[in-house]
Amino acid sequence: MASKLVRHSHLRALSSSISINNHICSPHFSNPNRAPLSFSYKLFSNASSSSSTGGFQRASSLKDLELAKFASIAETWWDSEGPFKPLHVMNPTRLAFIRSTLCRHFVDVGCGGGILSEPLARMGATVTGVDAVEKNIKIARIHADLDPVTSTIEYCCTTAEKLVEEDRKFDAVIALELPEGTHEWSSFLTPEELVLILQRANITVREMAGFVYNPLTGRWSLSDDISVNFIAFGTKNCQ
């Protein structure tokens, strides 16, 4: 499993507006009545082009090669023993971190097949899941419709940039890791780089924790070691 956050992730398109790990856009994403939460964990690079915007770089969150990789394994999202098994195993631990700072209205950027969106909905959140791969969205919708609780999730085949353009507002933005072999090491971020990116986007990191895997028990747990896998939470500063 890749070890550090990615340099151009799904959320770079959101960073100046709200939250996590990524590039800088116009400040439209946050809910004006509530400081938005931001979660980031091993965000992945999808940037293929950029243009200067307001003194910052605005990058596309799409990369054709990565889209093709995920499209090729889209049918296996809900196979708990398939390529996405690490995500299924990790879910309880990362949800424990998210639950401690949970608010009501989430957008899951790069939602894939909905592995994280569904438990968030069951915890009481209003969830919008977005992904640039149409096959992922179709699979997510089919699986969510099996349960009346998760069938309320709004799944959209779109990008973070489009949501900004549409002036969509959320209390929290989440973008988490994806399977081994789908991203390049050169794109990963260190915790220090992530903090600097968020600061430039007017977001303050409130908590950061490491993820540690125990091969004997097959379980993940939170730790103080952020040298390899880590998860962060931040809030947009009031302006």
Side-chain angles (χ1 to χ4, degrees), residues 2-25 27 29-44 61 87 90-112 115-130 160 163 169-178 188-213 220-239:
S3 66
K4 295 203 175 154
L5 288 189
V6 178
R7 192 168 303 278
H8 298 285
S9 82
H10 294 297
L11 286 190
R12 282 219 167 173
L14 309 184
S15 62
S16 79
S17 60
I18 180 169
S19 46
I20 306 188
N21 231 9
N22 291 322
H23 246 5
I24 316 278
C25 275
F29 235 154
S30 58
N31 187 325
N33 300 318
R34 189 180 308 177
L37 303 182
S38 301
F39 297 90
S40 76
Y41 176 72
K42 295 173 64 176
L43 303 185
F44 293 114
S61 66
L87 307 193
M90 190 184 298
N91 244 8
T93 304
R94 63 186 186 176
L95 283 167
F97 182 91
I98 294 169
R99 186 185 296 116
S100 67
T101 48
L102 185 69
C103 63
R104 289 284 305 171
H105 193 190
F106 279 90
V107 58
D108 182 5
V109 178
C111 67
I115 290 177
L116 185 71
S117 295
E118 288 197 13
L120 287 173
R122 293 190 181 99
M123 290 165 61
T126 301
V127 181
T128 299
V130 302
L163 295 181
K169 293 176 171 61
F170 302 91
D171 296 311
V173 176
I174 297 178
L176 302 181
E177 79 300 319
L178 297 159
F188 284 91
L189 292 173
T190 65
E192 294 78 14
E193 289 172 325
L194 173 60
V195 170
L196 288 174
I197 289 170
L198 293 178
Q199 287 177 343
R200 287 189 297 179
N202 199 31
I203 294 166
T204 300
V205 174
R206 305 294 183 182
E207 295 181 39
M208 187 174 289
F211 264 46
V212 175
Y213 180 72
W220 289 86
S221 61
L222 295 174
S223 78
D224 294 329
D225 182 4
I226 61 173
S227 62
V228 182
N229 297 299
F230 60 96
I231 187 168
F233 156 65
T235 58
K236 188 173 178 66
N237 302 324
C238 296
Q239 298 183 3

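- Qualifying side chain to side chain contact (heavy atoms under 4.5 Å, CB included) partners for Ser223, counting only residues two or more places apart in sequence or in other chains: Val212, Asp225.
- Atom CE in Met208 sits 5.0 Å away from atom CG in Leu194 (nearest 0.5 Å).
- Among all heavy-atom pairs drawn from Ala160 and Val109, the shortest one is CB-CG1, 4.3 Å.
- Taken from CG in Leu198 to CG in Leu196, the straight-line distance is 9.0 Å, to the nearest 0.5 Å.
- Summarising the geometry, atom CZ belonging to Phe233 is positioned 10.5 Å from atom OG1 belonging to Thr204; distances are rounded to the nearest 0.5 Å.
- Checking side-chain atoms of Asn91 against main-chain N and O of Ile115 turns up a donor-acceptor pair under 3.5 Å.
- We find the NZ-CG distance between Lys169 and Leu163 to be 12.0 Å, quoted to the nearest 0.5 Å.
- Every side chain to side chain contact (heavy atoms under 4.5 Å, CB included) that Leu222 has, sequence neighbours left out, goes to Thr93, Phe97, Ala209, Phe211, Ile231.
- Taking 4.5 Å as the limit, every side-chain heavy atom of Met90 sits out of range of all side-chain heavy atoms of Asn229.
- Scored by the salt bridge (charged side-chain N to carboxylate O under 4.0 Å, His left out) test, Arg122 finds Glu118, Asp147 as partners (sequence neighbours excluded).
- Atom-to-atom distance recorded for Asp171:CG and Lys236:NZ is 13.5 Å, nearest 0.5 angstrom.
- Residues Ile174 and Leu120 meet the side-chain proximity criterion, which asks for heavy atoms closer than 4.5 Å.
- Nearest heavy-atom pair across Ser117 and Cys111 is OG-CB, 3.8 Å.
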